[in-house]
Trainee: 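Below are the structure tokens for one structure; questions will follow.
Given the structure is predicted, the values throughout are model-derived calculations rather than measurements. All values below come from the heavy atoms of this structure, side chains included, with hydrogens, waters and symmetry mates left out. In what follows, chains carry the letters A, B, and so on, assigned in the order in which the sequence lines appear, proteins first and then strands, with residues in each chain numbered from 1.
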Amino acid sequence: MTIDALEARRPPASRSAASALLWPAVLAATAILSLAPGSFLPDWAVRLPAGWKLPIAGYISVFMAWLVDQASFGLFTFRELTRGVAWLLDWPLGLAKAMLVSGFAIGQGSQAVPIAPPLPWYAVFMLGVALGWRLGGRPLALLVAGGLAYLLIFGQWASAMTTLASVLVAAPLGAAGGLLLGILCYRSPRFERALSPLLDLAQTVPVFAYLVPILFLFGFGPVSAMIATILYALPPMVRVAVVAFRAVPEEIVVLGRMTGCTRHQFTWKMLVPSARAGLMVGVNQVIMLTLNMVIIASMIGAGGLGYDVLTALRRLDIGRGLEAGLAITVLAILLDRLAQAMARQSERGRVHRKEGAGRLTGRRFWLLVLALAAALWAAAFLAPPLAVFPAEWQLSTASYWEAMVRWINVNFFDALDAFKSFVLLNLLVPVRRFMLGLPWLWVVVVVMLAGWRLGGLRLTVRVALATLFIALVGLWEPAMLTLYLCGVSVLVAAAIGIPIGIACATHRRLWKVVEIVIDTLQTLPSFVYLIPIVMLFRVGDFTAMIAIVLYAVAPAIRYTAHGVQGTAPELIEAGIANGCTRGQLLSRIRLPLAAPQILLGLNQTIMLALSMLVITALVGTRDLGQEVYIALTKADVGRGIVAGLCVAAIAIIADRLIGAGAQRLKNRLGLA
Amino acid sequence: MPEPDMPDQNSLLACRRVWKLYGHETGRFLAERGGTASLAELAAAGIVPAVLDIDLDIARGETFVIMGLSGCGKSTLMRCMAGLIEPTAGEILFEGRDLSKLPEPEMIQIRRHKMGMVFQHFALLPHLTVLGNVAFPLDVQGVSRAEREKRAREMIELVGLKGREGYLPRELSGGQQQRVGIARSLAVGPELWFLDEPFSALDPLIRREMQDELIRLQSILHKTIVFITHDFAEAERLADRIAIMKDGRIVQVGTAEELIVNPATDYVRAFTRDAPRARILSARAVMRPVNGTEGVAGSVPANARVASFAQRVEATAGAWAVIEDGRVLGMIDRAAMMDVLVGRDVARRGAPGQPS
């Protein structure tokens, strides 16, 4: 056989060589085009001509104005509808607020005559501890007591109760709404197909973007804030509910038919109770997301802890901001643990009670607790001074924090400033210049190429449409700035997170420490990061980058650790049996197998980075986040929605491309 | 012994040319070919066959076992029988009425009152106690709490779980959970009782115990049972008749003895190879013709299982008479016992260690 004949039999190898050359070629072309765009391409391919831009923002604004001013459903106008919804939601919210914060009164404003005080702090305290004890025994009762004590001692009680009132109304509404939509999806695949893209959008559009239309429709105030919160917290509940319903064993479904259940009976007697453990995960998500929204919601009038953090941020009052932010974290942890305890109870199933056992049964326990609460309330009614937590018992650490930051600034200013300048000059500025220099047409081509390679025609069309949308609405430059800030942050987060994740996977003790740190980073409201960073580095891209990295690093660590840990033990044993060193085990077995998982973690990191982006607009970035923020302050509906959709478009492109890549990798490794 | 061919009027459930195919426009595909199609034709059309051309009659009070390996279509056939999925072609006759032609409300009534089903993985509702689970089918029917709990307690006692009414499914062992499943399926007093591999998820010892339990229950209740399994030993212990399925078709229907003595195909022979022959085969199946000159050591009834008299026959050198209604049908001797033990196909002379 001749060499030629041998060569002729190797077409697969040569094809893979060509595809291996594809990305280096693309990269080289990108570099050249970025450095000297004008010399290779016509002008219209580099900068989008103004005439091509679509005035979508204008259309939306006009439509919204029409909706509010003229739209009518015959019997009532659109404005009356929104008023009705607001009135309906105001009811439970008012009740919860009266109960926890303001007390009951007759009449409005200055003529209000108080008729009953709110629940005094010791009554709420007692109720919380009783609930904790009931659901999780002494450890949980102690945790609740500790958390509530923090709120009292650090003077956060009133704000915390305002926040709690809105969470107590918004979370059940969000959970119930999500549950009902989930049931509809389970029953009708067509309904699910229609709803799914809307859920995608709701989860990727930054919250600020829909604050604007809500503000426009419902006005400034707690009800608007609650609507935004519910909209934000609802989509994951729908998703979780559908997954939980699908996981109900097929046999249970058959049992429902064999016993002749009606659809209603099947749903409420079998489906929902069987899926209860899964549904509680969704409820938990709803609670966490509701608390995530607290600060953002305070921008449109929610008040409470969120408002305190926001004011502190505006005044750069790190002590107050940290304490109020920690109070949000405390509330989040308490509600989360209580919900988890409830989920565990329903998952394990209550253990059967022996008849005639001497312990308090559920109903009698709660009657006792509620009677006690009522008595304490009555006590507050009779002796109002008792209801106030004594001021001399309160304390604050605000001044220490301030002193600490001042001390760091005084002693380390030069070092910090040098570090910041170094990163700015060597990383941020060159990348920004590079991204802004790219011709828009070339970016579209590269994105399409990636879509084609990773997922075929359908994916190509999707990502192309998303990219073109950004270009045509005329937000190309802010979008590239977004991409730059987000991209750099994600790379830094990955460079930090993945090695930590790998280390955690092999050292259990390290993982325990790291887990606590990233849990705290994730539950701490994102605004709180900004305060110390702004104080140390002042406003600008660098500050934004650090805040994003801190916020978004958690999934990179978590997914890497889980992926590397999750390698099949028999493969590790096979590696050891073949004489692999520890390093070889990692590089040849663990990492390749964990790669799809790591990619998914990266995907999550990107999503979190994008959601943090809008918040960093507060420290003066110039990307899409700023665009949304400006729209919010000017109540410019169209501008806000379009900018929000652009962020969503970036998120969707990243998500779909990485998802397709991870899937391909999984298929190749036979993990799917 | 039930008769191999059931007379029609005694049949509670019958399948008439039942097909179940998965794919695009399967009904039309089948109709265009005059109601039948070969495996090759189906494969060419991209249609997945699940159940092919099944004809069956299940008599009242009979325990009918459908057995086969996973993927042979036995579960699909049972779901067709219960009216849970509609067959592509053919009729399922329950008390003479075609299930697929019944309106949904009537079908619901039949399922509520005349059918019960036991599941492989128990399908207990995790949020209900034992009592709540057993009472569940009655709850669905709208029976008052007092009445349904009374009935449920009876059923719980019947399956031997008295005292565990307040337990949750998680607190029970697998065998106990399946007892709850059985009690639940009996709560409505069904005529037709479907058991879908009810003991496959249990440990061998527990499985054995549950089979005894089912035999005990059936001796009290006399239900019509359709039982699915992939285990021939289980089928043989419980069944009046067994249907062996392969690739969607029924290969052979008969008593365990018939399957062993006259296997229709090598597939059936392979299935029955390791069966405990001494317990299944009767004197009639292993006897040889009467040889006029020999003496008679004793007699055994023609229907008696080999295991019940093997020891007596083996203890004597002479042959025993096989009798039915006072007539001698044939003879058995030590050599016949050995045949049963080592398998009929083995040559008698080759059998080692014969006592003299």
Trainee: By a 4.5 Å heavy-atom criterion (distance strictly below it), what part of Arg184(B) contacts chain A: side chain, backbone, both, or neither?
Mentor: side chain
Trainee: Rounded to the nearest 0.5 Å, what separates atom CE in Met258(A) from atom CD1 in Ile110(B)?
Mentor: 10.5 Å
Trainee: What's the shortest heavy-atom distance between Ala123(B) and Leu255(A), and which atoms?
Mentor: O-CD2, 3.6 Å
Trainee: If every non-hydrogen atom of Arg112(B) is compared with every non-hydrogen atom of Thr259(A), which pair is closest and at what distance?
Mentor: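 It is CG-O, 3.2 Å.
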Trainee: Counting only heavy atoms not in Arg458(A), do more than 12 sit closer than 6.0 Å to its CZ atom?
Mentor: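 It does not: Arg458(A) CZ has 12 such atoms or fewer within range.
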Trainee: Out of Leu125(B), Leu84(B), Ile108(B), return the one with the most heavy atom pairs under 4.5 angstrom to chain A.
Mentor: Leu84(B)
Trainee: Taking the side chain as C-beta and beyond, is there a heavy-atom pair between Phe122(B) and Pro249(A) under 4.5 Å?
Mentor: no
Trainee: Is it the backbone or the side chain of Pro273(A) that comes under 4.5 Å from a heavy atom of chain B, or both, or neither?
Mentor: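 Looking at Pro273(A), backbone and side chain both touch chain B.
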Trainee: Identify which of Met117(B), His121(B), Met115(B) forms the greatest number of heavy-atom pairs closer than 4.5 Å to chain A.
Mentor: His121(B)
Trainee: Given that the side chain runs from C-beta out, which part of Gln120(B) has a heavy atom under 4.5 Å from chain A: side chain, backbone, both or neither?
Mentor: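 Backbone plus side chain of Gln120(B), per the 4.5 Å heavy-atom cut-off to chain A.
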Trainee: Mind listing the closest non-hydrogen atom pair of Lys269(A) and Asp139(B) along with its distance?
Mentor: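 Looking at all heavy atoms of both residues, the closest pair is NZ-OD2, 2.7 Å.
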Trainee: With a 4.5 angstrom heavy-atom cut-off, is it the side chain or the backbone of Leu124(B) that approaches chain A, or both, or neither?
Mentor: backbone
Trainee: To the closest 0.5 Å, what do you measure between CD (Glu250(A)) and CZ (Phe119(B))?
Mentor: 8.0 Å
